Number of protein chains: 2
Amino acid sequence: MIDREGPVPPYQQLAAVLRQRIVSGQIPPGRAIPSLVELEQEYGLARDTLRKAVAVLKDEGLVETVKGMGVYVRQPPAEG
Amino acid sequence: MIDREGPVPPYQQLAAVLRQRIVSGQIPPGRAIPSLVELEQEYGLARDTLRKAVAVLKDEGLVETVKGMGVYVRQPPAEG
DNA sequence: TCACATTTGTACGTATGTATC
DNA sequence: AGATACATACGTACAAATGTG
């Protein structure tokens with residue numbers, strides 16, 4: 001699922017996968033994305049890499065983290 | 001110089017120190033801040049911590065990194 | 001209040017890849 | 001070819017916040 005040979009860093013690939021899950025509605029607003037432990041098991045990536053992927057989504061405003069709870073999908077901005 | 005006991009994370013403390021050096025003119029625009037190796041020796045902090053401190057300054061637009069060169073202080077926005 | 005599990009945040013150490021000089 | 005320097009990645013550990021019982 002993650003191509004370690006290609007030019008795109010794994011953290012960017014994972015960010016893209018999670019972004020797709022969010023914008024497609026697979027993970028709806030208010031719901032949490034898989035925890036770091038679950039992502040670790042699912043993708044076999046290190047914590048540092050997972051954190052970076054989540055940081056990308058936070059920067060984009062797609063998710064927000066709640067310490068002790070999880071990383072939640074935010075409500076999308078109202079459309080036109 | 002870095003208080004490991006206090007509530008402020010070391011990377012934020014270091015970011016504050018570097019920010020002060022920059023805005024005070026001690027490290028002028030066009031000049032590079034100390035390298036990760038130098039910061040490591042000076043503050044005894046890990047690479048990840050140093051990277052995070054520098055990332056703060058980058059987010060603030062105070063510095064920009066040039067791969068293979070260093071982290072350079074940017075020209076401040078023209079004043080009023 | 002306390003103990004416990006879960007989850008994110010922070011921190012340290014190390015290795016490899018890539019770019020510049 | 002070598003030195004320097006940032007970017008990325010992996011492994012590990014402890015702290016802090018939250019929820020449950």
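The structure presented is a predicted model; accordingly, all values stated were derived computationally and were not measured. We name chains A, B, ... by the order of the sequence lines, and we start the count at 1 in each one.
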Please check if Val56(B) and Ile33(B) belong to a single hydrophobic cluster, counting links between Ile, Leu, Val, Met, Phe, Trp and Tyr side chain heavy atoms closer than 4.5 Å. no

_Is there a side-chain contact between Lys58(A) and the phosphate of dT8(C), meaning an N or O under 4.0 Å from OP1 or OP2?_
no

Smallest heavy-atom separation, Gly61(B) atom then Arg74(B) atom, equals O-CD, 3.3 Å

Note: contacts of residues 32-57 of chain A with DNA chain D (heavy atom, under 4.0 Å) are Leu45(A), Ala46(A), Asp48(A), Thr49(A), Lys52(A)

Arg31(A) atom CZ is separated from dT7(C) atom C1', nearest whole Å, by 16 Å

Quick check on dG9(C): is either OP1 or OP2 less than 4.0 Å from any side-chain nitrogen or oxygen of Thr65(A)? yes

Interatomic distance, CG@Leu45(A) vs OH@Tyr11(A), rounded to 0.5 Å, equals 13.0 Å

Taken to the nearest whole Å, CE/Met69(A) to P/dG9(C) is 13 Å

With the side chain defined as heavy atoms from C-beta on, Lys67(B) is closest, among dA7(D), dT8(C), dT10(C), to dA7(D)

On a heavy-atom basis, the closest approach of Ile2(A) and Leu14(A) is CD1-N, 4.1 Å

Heavy-atom closest pair (Arg21(A) atom, Pro34(A) atom, distance to 0.1 Å) is NH1-CG, 3.9 Å

Taken to the nearest whole Å, CZ/Arg4(A) to P/dT16(C) is 15 Å

Contacts of Gln12(A) and Gly68(A) projected onto DNA chain D by closest heavy atom; the upstream (5') one is Gln12(A)

Rounded to the nearest 0.5 angstrom, the CG-CG distance for Leu39(B) and Leu18(B) is 6.0 Å

